[in-house]
Amino acid sequence: MPLDTFRQETREWLAQNCPPEMRKPSRGEPDICWGGRNWQFHSNDQKIWLERMASKGWTVPMWPKEYGGGGLSREEEKILREEMRAINARSPLESFGIWMLGPALLHFGSEAQKKEYLPPIARGEIRWCQGYSEPGAGSDLASLQTKAEDKGDHFLVNGQKIWTSYADKADWIFCLVRTDPAAPKHKGISFVLFDMTTKGVTTKPILLISGKSPFCETFFENVKVPKANLVGTLNDGWTIAKYLLTHERASIGSGLSLAGMRSLPAEAIKSFGRDASGRLDNPFVREEVIRAEIDGRALLATIERYRAEAKAGQGVGAKSAILKYAGTELNKRRYEAFMTIGGSDALEWESARSDEGTLAREWLRTKANSIEGGTSEIMLGIVAKRILDLPEA
Amino acid sequence: MIALDEDRIMLRDSAREFLTDKSPASELRRLRDTKDKDGFSRDLWRGMKDMGWTGILIDEANGGSDFGHVGMALVCEEMGRTLAASPFLSTAVMAATAIRRGGSEEQKKKWLPAISEAKAIIALAVDEGRKHAPEKTALKAEISGNAFKLNGEKSFVVDGHVADAIIVAARTEGEPGDKNGISLFLVDAKAPGISIERVIGVDSRNNARIKFENVNAVDALGVTGKGFGLLENALNAGRAGVAAELLGVAGESFDRTVVFLKERKQFGKPIGAFQALQHRAAHLFGELELLRSLVLSACVTLDKSPDAAGSIVSAAKYKACEVAKLAVSEAVQMFGGMGMTDEIDIGLFMKRARAAQELLGDAYFHADRYAQSQKF
């Protein structure tokens, strides 16, 4: 289909099918649709929007049609994004299944696994969580100890994961487990999938400084996992883990710079006003804000450039570590600026006026940005080794 | 945003090959140590003509190769990498832009082929005080018969000492600080009343302080009194070029530093094995990547819609100043004592980075200009 025809048809379809409430600016987390068995839709419009988009395959526009995707080309997907943005349409569905497991299965999964797991992700029926970190395996992820013993037709899984995002709300988990304790640490890991309702799985939310509990401790006690749920080759799970981490880092870096963020210049003008020349009436704050604005623009331009280079077959690979590092550090800087600029308003924690401390909670949340998915220091180490080829520390 | 296509990759590779061969950093040393009378090599300039660079922003009808701003930036970056001295920025970038955008057919026919053929060097005279501030232009142009008389002084005029002609920003109306009332004139560098003082800079590159005393100007470029937009067009092309050059200066000093980190041994191992240095190097690499995206983005915009490019060009020049400053400071620190010597080239990169930061507006100038473009 010619691209302008596609644009026209997409525009018409969106105009007819995107419910009014789904065109209101999203407040972020409270307005996200995560889907899953136990999902309570916030409104009928949210439900209709998910169903309609899923029927087109547009919750995962670039996945192949046979797995519930839209089968769109990169150009078409870009048009869809632009047309959705033009009417302020919210994303119909977000999930770790879309961001992480899906791409991994498309790459490493068997045909049967793709058929079984991808369509429910696309329809928002199954919500996934990621079992990576352990109490003793953070930055040194490959030292993970959760073990899966071969018991003939199944693995027996025992151990503990931590920082499992939304484990208490997830239906299934994709999980790194040790299948060969004798092998060197990177060579004895496998990638398995299992249902969170399986006997022996328990979760416990962790209370964070933001007052929220997006992460859990997850315990496995004699959990039986069918052998068919192994993805890729036995003991070669680290390959998938690395692939996924690269994916996650790129999406953390990119995700933070998306439109719809709070505006630093607008907040600064509210606090300080303008001088006679129209400039912000505080030169120190003005400089800090504009430096962050330019760095934000540089980050966006870099995301776009890497995208264009990847499309042109010019390798990007380890450069996702740069997006992750630069994106998360910038986000922390921005939120420190929001807190300063917001003054005493920004400190409100339990008040209707502050929507129960939304800004302060977001500020605290940003501190995790440069820890989760690989710390800033790990990212710098990756750049030093994989790109600059500096010697082992 | 774009990825470089094959033609542009070829342009970049051939630029790197040509400059590494014809104008490595040792060539700048030669110009400096022999006290060269021009401060650049006319052979090199003719070589750049043969490469198609002198006409890089000139249309084919006027003898140019018309590679556009993305191409220009690739060449400037490579020039930064070898510290190549030439009138490229003044003549092929800024003067060519001013004449192509604002010149009459007659002016274009006279000057653009001459620039393409490397037969004319044209300097752009803007700054008057010690800081770049085009709207503060004070040099007076007063009507006298059917000509204007120019009176005043210009400083930091790049290539002013070797220019055949000078494009002068002058005030025909209003007060310094007004964007209205600025006019551009093309004058012969040998016209009576012009006195040119060559200034050799810290970076061994050349500019001039130029006095204008009752200089006759008949050749206005664009509409008199409304020259600020045209001046900005020329300056923006130049600023993007300098930003690209700074990317090259920073990138080359960074690459040399990384090589050094792998070679230099202390405490029994390469100093690049120390995490304290690894992280600083990796951070710098990230900054260079961010800068590269802004430079490319600025040049894509200059190619597509030059009148709307001011804000992204300022973002790029701002970032270029900051990243280059960091890159050369880190280079000297990591090279240690050797970094302080004239024996190795790192100091030359630091000196050029300093001058190029100042040229056409420093980080503060561009941060302010970017803020203003966002109504902030």
Side-chain angles (χ1 to χ4, degrees), chain A residues 263-266 268-269 274 277-280 283 285-291 293-314 316 318-319 321-327 329-330 376-377 379-393, chain B residues 1-6 9 254-255 257-259 261-263 265 269-298 300 311-312 314-319 322-323 363-364 366-376:
Chain A
S263 159
L264 270 178
I269 286 164
R274 297 176 188 273
S277 75
R279 292 175 171 85
L280 186 77
V285 174
R286 183 169 180 263
E287 183 184 337
E288 188 172 329
V289 167
I290 220 63
R291 283 177 187 270
E293 289 289 292
I294 292 176
D295 279 338
R297 193 153 176 184
L299 182 66
L300 267 181
T302 305
I303 292 165
E304 288 175 17
R305 178 164 70 86
Y306 286 176
R307 218 173 263 155
E309 288 174 356
K311 191 180 153 198
Q314 301 164 13
V316 174
K319 287 183 175 174
I322 294 166
L323 297 183
K324 206 277 178 179
Y325 168 67
E329 293 297 331
L330 175 62
S376 285
E377 290 70 22
M379 296 305 104
L380 292 172
I382 288 173
V383 173
K385 272 184 212 88
R386 305 244 299 269
I387 299 178
L388 305 180
D389 196 27
L390 288 170
E392 277 299 320
Chain B
M1 188 53 106
I2 56 162
L4 296 183
D5 57 20
E6 265 178 48
I9 289 173
F254 175 73
D255 289 351
T257 305
V258 171
V259 170
L261 291 178
K262 293 174 190 174
E263 286 171 353
K265 287 202 171 91
K269 53 182 164 183
I271 59 172
F274 294 106
Q275 210 173 42
L277 298 186
Q278 287 190 346
H279 285 190
R280 279 160 62 183
H283 170 75
L284 190 47
F285 180 79
E287 290 291 293
L288 285 162
E289 285 291 291
L290 295 174
L291 169 57
R292 177 175 300 287
S293 310
L294 283 179
V295 169
L296 184 60
S297 183
V300 168
S311 106
I312 184 71
S314 274
K317 180 67 171 35
Y318 158 82
K319 191 74 183 167
E322 295 294 273
V323 175
Y364 298 104
H366 286 289
D368 179 57
R369 195 161 161 270
Y370 184 82
Q372 284 182 282
S373 77
Q374 309 296 306
K375 310 211 180 314
F376 182 60

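Values below: all heavy atoms of this structure, side chains included; hydrogens, waters and symmetry mates excluded. Lettering follows sequence order; numbering is per chain, from 1. Only a predicted model underlies this, so the values are computations on that prediction, with no experimental measurement involved.
- In this structure, chain A has no heavy atom under 4.5 Å from any part of B:Leu291.
- Both the backbone and the side chain of A:Asp389 come within contact range of chain B, judged by heavy atoms closer than 4.5 Å.
- For a residue to count as touching a neighbouring chain, one of its non-hydrogen atoms must lie under 4.5 Å from one of that chain's; by this rule B:Asp368 touches chain A with backbone and side chain alike.
- For A:Leu390, the parts lying under 4.5 angstrom from a heavy atom of chain B are both the backbone and the side chain.
- In this structure, A:Arg305 contributes its side chain and B:Ser297 its backbone to no donor-acceptor pair below 3.5 Å.
- Across A:Gln314, A:Arg286, A:Arg274, the residue that shares the most heavy-atom pairs under 4.5 angstrom with chain B is A:Arg286.
- Nearest heavy atom pair, residue B:Gln278 against residue A:Glu392, reads NE2-C, 4.5 Å.
- Looking at A:Lys319, only its side chain comes within 4.5 Å of chain B, counting heavy atoms on both sides.
- Contacts of A:Glu377 with chain B are made by both backbone and side-chain atoms, with heavy-atom separations under 4.5 Å.
- For B:Leu296, the part lying near chain A is the side chain, with the backbone staying farther off; criterion is any non-hydrogen pair under 4.5 Å.
- Going from atom CG of B:Leu284 over to atom CG of A:Leu380 covers 11.5 Å, rounded to the nearest 0.5 Å.
- What you find for B:Lys262 and A:Pro391 is that their closest heavy atoms are CG-CD, 4.3 Å.
- Residues A:Ser263 and B:Gln374 form no side-chain contact, since every pair of their non-hydrogen atoms from C-beta on lies 4.5 Å or further apart.
- Neither the backbone nor the side chain of A:Ile382 comes within less than 4.5 Å of any heavy atom of chain B.
- Proximity to chain A is limited to the side chain of B:Ile9, based on heavy atoms less than 4.5 angstrom apart.
- B:Phe376 touches chain A through backbone and side chain together, each having a heavy atom under 4.5 Å away.
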